[in-house]
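Presented below is the structure to which this report refers.
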There are 2 protein chains.
Amino acid sequence: MSQPPPLRVRFDDPDCADGAVQPFRVGDKWTGVVLRCLEDGAARRFGELRAALPRVTPKVLTETLRSMERSGFLTRTAYEENPPRVEYALTALGRSLLGPLDTACAWARAHGAEIGDARAAHADDRPVA
Amino acid sequence: MSQPPPLRVRFDDPDCADGAVQPFRVGDKWTGVVLRCLEDGAARRFGELRAALPRVTPKVLTETLRSMERSGFLTRTAYEENPPRVEYALTALGRSLLGPLDTACAWARAHGAEIGDARAAHADDRPVA
DNA sequence: CGGAATCCACTGCGATACTG
DNA sequence: CAGTATCGCAGTGGATTCCG
């Protein structure tokens, strides 16, 4: 496991109705991994992303990419050729997410075992009362 | 809006089957806000948390607290009195989450408007093809 | 006071199959 | 190649009601 685990991070604000901010949510299940696939700044084709993420079905990958595009995290460029070619690349906004993502991944790597232990310890808790 | 928006952050690893790591997931909808309520290290009673989080129903608050307890983020202390009293307080592990949470919140505050703009701009996109 | 029990709606997301 | 169309389930989390 030399690769850092492909950790997922979500940023959402479910609570904005209390404040004045717009509902705000970023990060579906595969957003983080897609971000990592594109982190070097190079454009990648749909098929390359599929190959890199074999466990993501094309439907879900498309949904993820479209959602990230709508939020301004990446650009989608379709070349009108045959066979078709579509390329995805991070925007500056998308790249700005890599920092927080790394922070979260570092935390998870540092404390993941501890959490696992805690959960294991509580596994044989009888409902106390 | 002097208060920072109570941002939610999730850390999950949906992709662990690829690697050698245990499935790992942290952060349901209200975990972040509960963490913030307890960030000063003081213990708080169930009712205090309820009052601070009026939009969370008691059922969901209980679920959140139990889940955080199982993961080792906080301790639950029940005093056998009448009327009953139960106090929740962060553990060191729970406190260690505050850093990444702050990082994420800072990012969200810095770029939230940008995301909103991008989404608004894409709102009147006709499905291109 | 601090929950538990029950019911239910939504939607994320996976499987499968088909297409310009 | 780069998707779309359909289906369906399981998990989240909200509303409501009741309990020791």
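Lettering follows sequence order; numbering is per chain, from 1. Worth saying up front: this structure is predicted, and the values here are computed from it rather than measured.
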Query raised in the report: Does any pair with a residue in residues 88-100 of chain B pass side-chain hydrogen bond (donor to acceptor under 3.5 Å, both in side chains), and if so which ones, sequence neighbours excluded?
Result: A:Trp107-B:Ser96, B:Arg76-B:Tyr88
Query raised in the report: What residues form a side chain to side chain contact (heavy atoms under 4.5 Å, CB included) with B:Thr64, not counting sequence neighbours?
Result: B:Trp30, B:Thr31, B:Val34, B:Val60, B:Met68
Query raised in the report: Looking only at heavy atoms, which two atoms of A:Ser67 and A:Asp28 are closest? And how far apart?
Result: OG-OD2, 4.0 Å
Between the protein and nucleotides 16-20 of chain C, which nitrogen or oxygen pairs are less than 3.5 angstrom apart?
none

Query raised in the report: Taking CZ from B:Arg66 and P from C:dG2, how many angstroms apart are they, rounded to a whole number?
Result: 12 Å
Report summary line: In short, A:Cys37 meets A:Leu49 closest at the heavy-atom pair CB-CD2, 3.9 Å
Report task. Using the test salt bridge (charged side-chain N to carboxylate O under 4.0 Å, His left out), find all partners of B:Glu114 that sit at least two apart in sequence or belong to another chain. Result -> none
**Report entry** Any residue of residues 43-50 of chain B with a heavy atom less than 4.0 Å from an atom of DNA chain C
**Finding:** B:Arg45, B:Phe46, B:Gly47
Query - Salt bridge A:Asp102-A:Arg36, side-chain N to carboxylate O under 4.0 Å - result: yes
**Report entry** Terminal axis angle for the helix from C:dC1-D:dG20 to C:dG20-D:dC1, five pairs an end, nearest 10 degrees
**Finding:** 50°
Report summary line: Here the distance between atom P of D:dG14 and atom CG of B:Leu53, to the nearest Å, is 11 Å
Query raised in the report: Is any side-chain nitrogen or oxygen of B:Arg76 closer than 4.0 Å to OP1 or OP2 of C:dG3?
Result: yes
Query raised in the report: Can you name the side chain to side chain donor-acceptor pair (under 3.5 Å) partners of A:Glu80, sequence neighbours left out?
Result: none
Report summary line: Heavy-atom nearest pair, A:Leu61 first then A:Val56, reads N-CG1, 3.7 Å
Query raised in the report: Quick one: A:Glu81 CD to D:dG3 P, roughly how many Å, whole number?
Result: 13 Å
Requested in this report: Starting at atom CD of B:Glu63, determine the distance to atom C1' of C:dG2, rounded to an integer number of angstrom.
Outcome: 15 Å
Query raised in the report: In whole angstrom, what separates B:Arg85's CZ from D:dG20's C1'?
Result: 18 Å
Report summary line: Among C:dG14, D:dG3, C:dC1, the one nearest any side-chain atom of A:Val60 is C:dG14
Query raised in the report: Contact class for B:Tyr79 (heavy atom, under 4.0 Å): base, sugar-phosphate, or nothing?
Result: nothing
Report task. Could you check how far CD of A:Glu87 sits from C1' of D:dG3, rounded to whole Å? Result -> 16 Å
Requested in this report: Can you figure out which of D:dG3, C:dG14, D:dC1 approaches the side chain of A:Pro83 most closely?
Outcome: D:dC1
Query - Pairing residues for A:Arg85 by the salt bridge (charged side-chain N to carboxylate O under 4.0 Å, His left out) criterion, not counting sequence neighbours - result: A:Glu81, A:Glu87
Requested in this report: Would you mind reading off the distance between B:Asp28 atom CG and D:dG14 atom P, rounded to a whole angstrom?
Outcome: 11 Å
Requested in this report: Give the rounded distance in Å between these two atoms: NZ of B:Lys29 and C1' of C:dC10.
Outcome: 11 Å
Requested in this report: Starting from the 5' end of DNA chain D, give me the residue, A:Val86 or B:Val56, whose nearest nucleotide shows up first.
Outcome: A:Val86
Requested in this report: Scan residues 42-52 of chain B for pairs that pass salt bridge (Lys or Arg N to Asp or Glu O under 4.0 Å), counting only residues two or more places apart or in two chains.
Outcome: B:Asp40-B:Arg44
